[in-house]
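Just below is one structure, and these are the notes that go with it.
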2 protein chains.
Amino acid sequence: MGLRADYVTRPREWIASILAREPRFLSAAQIHQGLERDGARVSLSTVYRTLDRLQAKGDITVRPDADGEVTYMLCEPRHHHHHAICRTCGRVEDVDCAAMEQFAESLRAHNGFELDGHAIEFFGKCGACR
Amino acid sequence: MGLRADYVTRPREWIASILAREPRFLSAAQIHQGLERDGARVSLSTVYRTLDRLQAKGDITVRPDADGEVTYMLCEPRHHHHHAICRTCGRVEDVDCAAMEQFAESLRAHNGFELDGHAIEFFGKCGACR
DNA sequence: GGGATTTTGCGAATGGTTCGCAAATGAGGT
DNA sequence: ACCTCATTTGCGAACCATTCGCAAAATCCC
Ligand SMILES: [Zn+2]
Ligand SMILES: [Zn+2]
Ligand SMILES: [Zn+2]
Ligand SMILES: [Zn+2]
């Protein structure tokens, strides 16, 4: 009955390596294309299943983009922080800001709302795209 | 050749009235269900087309939820502000905060990023759900 | 009311994501 | 290395939200 340990498989390693070298949110299709470019033949189903696994493990952040396309990035949402996203190339950098927490704290009780969390995204241009 | 003025139609009025009385983000399907409950027979296509129109006019805010389902709310994104969203019932209230702008300003140049915008969502429980 | 134009409903097409199942792979023991 | 068996993969079908094409209905204006 007991479950064995998770298997280490090539598709999973390949997918992880794609994510590891891209500092931006990628869709399942983009990851799949990256694998093909690397000559790694992996089905789209496996890409989706692996992404689900990574999300369950808390290793990636999932973000539906403006059109509702779901995108993924290697970044542990475990540690609360925010992102600066380049409008031009999509590069993402973490923004870790105590000042923001302070601000959120001051809003904790707003309009009858009992606030317990927040999400922030900053937009702009990264150093390379300026 | 010139375009005539936009038509005022019942489907559009019905859809607008659904949106006007719901202070929360609704999916196209939810709006469609609301119309049926009101006895208003409108096709889902028309719901989508009307939402596209409202978005083009800048009358609604469009927000893909965590699963990527696109949702809509009567709220002009023209005036920059943020939202407090009840985790329990979905009720949304506007958060208009100069302090946040100040904070964003101090981050304008972060890690080589030239920041020019930001989006914030606050979560918690509304007065009714406490 | 009549006619030009816009809007609607319907059903088909699309695109992203999920499922079911047989074949392939990985881990562990011999 | 080989065998065994649970896990994972690939494939195609299924699914769901959204978009399209086009004929019929509604709106506006005279
Ligand atoms: Zn950039
Ligand atoms: Zn991050
Ligand atoms: Zn509530
Ligand atoms: Zn608002």
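All figures in this text were calculated on a predicted structure; none of them were measured in a lab. The sequence lines fix the lettering, A, B, ..., with proteins before strands; numbering per chain opens at 1.
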Is there a donor on the side chain of R10(A) or the base of dG26(C) sitting less than 3.5 Å from an acceptor on the other? no
Here the distance between atom C1' of dT8(C) and atom NE2 of H32(B), to the nearest Å, is 12 Å
Just N and O in the side chain of R49(A): are any of them under 4.0 Å from OP1 or OP2 of dT18(C)? no
Can you find a side chain N or O atom of T9(B) that sits less than 4.0 Å from OP1 or OP2 on dT8(C)? yes
Given atom CD of Q30(A) and atom P of dG16(C), what is their separation to the nearest angstrom? 11 Å
Report yes if at least one side-chain N or O of S45(A) is closer than 4.0 Å to OP1 or OP2 of dT18(C); otherwise report no. no
E69(B) CD to dC15(D) P: how many Å, rounded? 18 Å
Measure across I31(A) and L26(A) and return the closest heavy-atom pair with its distance rounded to 0.1 Å. CG1-CB, 3.9 Å
Among dT9(D), dT8(D), dG16(C), which is the nearest nucleotide to the side chain of Y48(A)? dG16(C)
Is there a donor on the side chain of Y7(A) or the base of dT25(C) sitting less than 3.5 Å from an acceptor on the other? no
Main chain of D67(B), side chain of D65(B): is a donor-acceptor contact present, judged purely on distance under 3.5 Å? yes
Could you state the atom-to-atom distance from CH2 of W14(B) to C1' of dA26(D) in whole Å? 11 Å
Please give me the minimum heavy-atom distance between C86(B) and C126(B), naming the atom from each residue. SG-N, 3.3 Å
Looking at R12(A), I'd like to know whether one of its side-chain N or O atoms comes within less than 4.0 Å of OP1 or OP2 on dT8(D). yes
In whole angstroms, the gap separating P of dG16(C) from CG of D67(B) amounts to 18 Å
L54(A) CG to dT8(D) P, straight-line distance once rounded to whole Å: 13 Å
Between CG of L35(A) and P of dG10(D) the distance, given in whole Å, is 10 Å
Quickly work out the L44(B) CG to dT14(C) C1' distance and round it to whole Å. 15 Å
Are V95(B) and M73(B) grouped together when hydrophobic residues (ILVMFWY) are joined by side-chain heavy atoms under 4.5 angstrom apart? no
Tell me whether T71(A) contacts the main-chain N or O of P64(A) through its side chain, where contact means a donor paired with an acceptor under 3.5 Å. no
Taking 4.0 Å as the cut-off, does a side-chain nitrogen or oxygen of T46(B) come that near to OP1 or OP2 on dG9(C)? yes
